[in-house]
Number of protein chains: 2
Amino acid sequence: MTAVPEGGEPATDVSKADLVHRRLKEEIELGELAPGTPLPELWLVERMGASRTPVREALRRLATEGLVDLVPRQGARVSRVSLQSVRDLFDFRSLLEPAAMRQATEGAAADPQLRRAFATMRTEFARIQRRAPSPARARAFYELADRFDWAIIGATRNEHLRRAIAELRPHTARLRNLSHVDPQRVEVSVAEHLRMCDALLAGDADGAADALAGHLAQGLETIFRNLARGPGEGVDLLG
Amino acid sequence: MTAVPEGGEPATDVSKADLVHRRLKEEIELGELAPGTPLPELWLVERMGASRTPVREALRRLATEGLVDLVPRQGARVSRVSLQSVRDLFDFRSLLEPAAMRQATEGAAADPQLRRAFATMRTEFARIQRRAPSPARARAFYELADRFDWAIIGATRNEHLRRAIAELRPHTARLRNLSHVDPQRVEVSVAEHLRMCDALLAGDADGAADALAGHLAQGLETIFRNLARGPGEGVDLLG
DNA sequence: GTGCTCCATGCTGTATACAGTAACGCATAC
DNA sequence: GTATGCGTTACTGTATACAGCATGGAGCAC
C-alpha cells in the first residue's frame, strides 16, 4: 500500500476545530481509522488535545463531507465503504470532472501563467515515464498526479463545481489507500496523464475531457479488481 | 413576490440544532433575512430560544451549504448574491439535474409505484394549465413544481448526485423569492413541466433531460431579466 | 482641523458542567 | 436454559462561563 496524504489544500488551521478536522480527515483518508470505527467525542478529546466543542464541530463537518456517519444520540463512526458507494463516487466524478477539465483548458488558453504551470507538470510526467519502475517512482507519480488534480480544481471557474469536486477528493484518496496499489497501474496512469496534459495544452477541451473520462473509467476498473482480490480491511463488500 | 417555502424535506427536528438550522434556512430562502445581514450568535440565541451551542452548529451547517458566510473572529452573515453566483448556480444545475432526470426516468420505468406518482403529477400540471391566471394558480403551480423537483431528487439513484442537487435547492428558492415573479413565466413553465413529465413517463431519458435543460435555460433568463428590472433588496449586482 | 493612539465594548473561540437517553449486562422469574 | 425486566454506565445534547481578539469611538497631540 502506497499511502499518499493529500497535500492539495493549503492547511490553514486558524482554529482548533480546523486542526481537529484536518487531522481526522487525514487519518480517515490514510485508512488509519478504518471504515466503521467508532469515534467517541471523549476519545478524540484526549487524542487531539482539544475540548469537546472543536471536536464536535470537526465531526459535524466530516459528516457533511460524508467521511463520518452521525447517528443521533449514539455518536459518530467512520463511514463505511461499499461497492455501490465506489461506483456512485466514480459515476459522479465522471459527471463533474470532465466539465472541470473543460473549464481548466479554457482557463489555461486564456492565462499564460496557468498554461506554464501545466506545461511544467507535463514535463514532470514525461520525466517520470522515463524512470525505471520503483516504489519511489510510484510515490513521485502519485504526488505529481495529486498536484495536477488540484491544479485542475483550482482552474475551475464555477465555484459550485470546484467545491463539489474538492469534497470528493478525500473519498478518492481513501479508496486509493484502502485498496492495494497495482504497480502496473502506474504505467497506464502516467500515459493517461500525458494525454490529458497534451490535450489541455493544445486547448482541446473535448479531448482533455475525454482523456479524463477514460482515466476515471480505468481507475474504477482497477479499484474494483483490487477490492475483489484483497478484501481490504473494513471494506463492506456486501453493498 | 410569491414567497414559496420549500416543503420537500421531511423536517424531522430531532435536536435543537436541527430546528435552528431549518428555521434559519427558511428565513434565508424566503428573503426575510436579506443577503449580507449580520447574524450575531447572541441575537439568534434570543430569537430562536436556544443556547449558543446549537446556534453555532446551525450556522456552521449553513456555511457549508453556502447560505451563510463565516468570517473568522468576526462572525456570520447571510451570503450575498451576485450575477456571477447566479450564473454559476444555473450552470452547475444544468450539469447535475439532467443526469438526475435520466436516473429518475429509468427508475420510473422500473418501479410502477414511482411511475404512478409522476403520472399523478402530470395530471395535476394539466389541470393547472387549464385554470385561469391568478395568484392562487401561481402558488399552486410552484407548490406542485416543488414536489415534482423533490420527486426527481428522491428518484435519483446516485447518492452523491442526490445530495449535491438537494444542497442547491435553497439557493434556487432564494433566487425565486428575491426576484419578482413574472406571471408570464408560469404559463411557459407549466408547459415545460408537462414536456418533462411526458418524456419521463414515456421512458425517454434523453428527452426528459433535454426538456429539463431547456427549462433551466429559460429559468436563468427569466431571473436575469427580473434582477435587471428590479434591483432586488440586498442583491449585489456588481458580480 | 486632522491624524493617531489607546481604551472600552462586543463578539467569537474554547472549555467545562449538567441533563437526558440509549445501549448493555446482570439478575431473577419461568 | 431461556427470556424478560431493571439498573448501571457511557455517551451525546445542551447550557454557560471564560479568554482573547477585532472593531469603533473618544481623547490627545500636532
Side-chain angles (χ1 to χ4, degrees), chain A residues 9-28 33-80 234 236, chain B residues 9-28 33-80 234 236:
Chain A
E9 281 159 318
T12 58
D13 296 326
V14 53
S15 70
K16 287 208 176 183
D18 292 336
L19 183 105
V20 174
H21 172 76
R22 187 177 53 78
R23 284 187 52 188
L24 262 180
K25 191 161 90 174
E26 279 174 12
E27 293 187 2
I28 295 175
L33 291 173
T37 307
L39 301 170
E41 291 178 0
L42 289 181
W43 181 65
L44 295 174
V45 160
E46 63 178 323
R47 281 192 67 213
M48 297 291 174
S51 76
R52 276 187 65 205
T53 309
V55 166
R56 282 178 63 81
E57 185 176 327
L59 286 176
R60 297 307 190 268
R61 252 191 266 175
L62 290 167
T64 68
E65 294 168 18
L67 289 175
V68 154
D69 288 335
L70 228 51
V71 184
R73 310 220 153 270
Q74 192 169 344
R77 309 174 86 84
V78 179
S79 69
R80 296 189 172 280
D236 177 12
Chain B
E9 281 160 317
T12 59
D13 296 324
V14 53
S15 71
K16 286 207 177 184
D18 292 337
L19 183 104
V20 174
H21 172 77
R22 187 177 54 78
R23 283 186 53 186
L24 262 180
K25 191 160 90 173
E26 278 175 11
E27 293 187 2
I28 295 174
L33 291 172
T37 307
L39 301 171
E41 291 178 1
L42 289 182
W43 180 63
L44 295 174
V45 160
E46 62 178 323
R47 279 191 68 213
M48 299 290 175
S51 75
R52 275 187 65 206
T53 309
V55 166
R56 283 177 62 82
E57 186 175 327
L59 285 176
R60 298 304 191 265
R61 252 191 267 175
L62 290 167
T64 68
E65 294 169 18
L67 289 175
V68 155
D69 288 336
L70 229 50
V71 184
R73 311 218 154 271
Q74 193 169 343
R77 308 174 86 84
V78 179
S79 69
R80 296 189 173 280
D236 176 12

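Residue numbers start from 1 in every chain, and the chains themselves are labelled A, B, ... in the order their sequence lines are given, proteins ahead of strands.
Nucleotide C:dT12 holds its C1' atom 10 Å from the CD atom of B:Gln74, rounded to whole Å. Computed from coordinates, the A:Glu41 CD to C:dA15 C1' distance equals 14 Å when rounded to whole Å.
Under the 4.5 Å side-chain criterion, counting only non-hydrogen atoms from C-beta, A:Leu62 is not in contact with A:Leu39. The side-chain heavy atoms of B:Arg56 and A:Arg56, taken from C-beta on, include no pair separated by under 4.5 Å. A:Val68 places a side-chain heavy atom less than 4.5 Å from the side chain of A:Ile28.
A salt bridge links A:Glu57 with A:Arg61: at least one charged nitrogen is closer than 4.0 Å to a carboxylate oxygen.
Across all non-hydrogen atoms, the minimal contact from A:Gly49 to A:Lys16 is O-NZ, 3.7 Å.
Remark: A:Arg52, A:Arg56, A:Arg60 in residues 42-61 of chain A come within less than 4.0 Å of DNA chain D through at least one heavy atom.
Toward the 5′ end of DNA chain C lies the nearest nucleotide of B:Gly75, the other residue of the pair B:Gly75 and A:Arg73 mapping further downstream. Where A:Ala17 and A:Pro72 each meet DNA chain C at their nearest nucleotide, the meeting point lying more 5' is that of A:Ala17.
A donor-acceptor pair is defined here as one N or O able to donate and one able to accept, closer than 3.5 Å; such a pair exists between the side chain of A:Ser79 and the backbone of A:Gly66.
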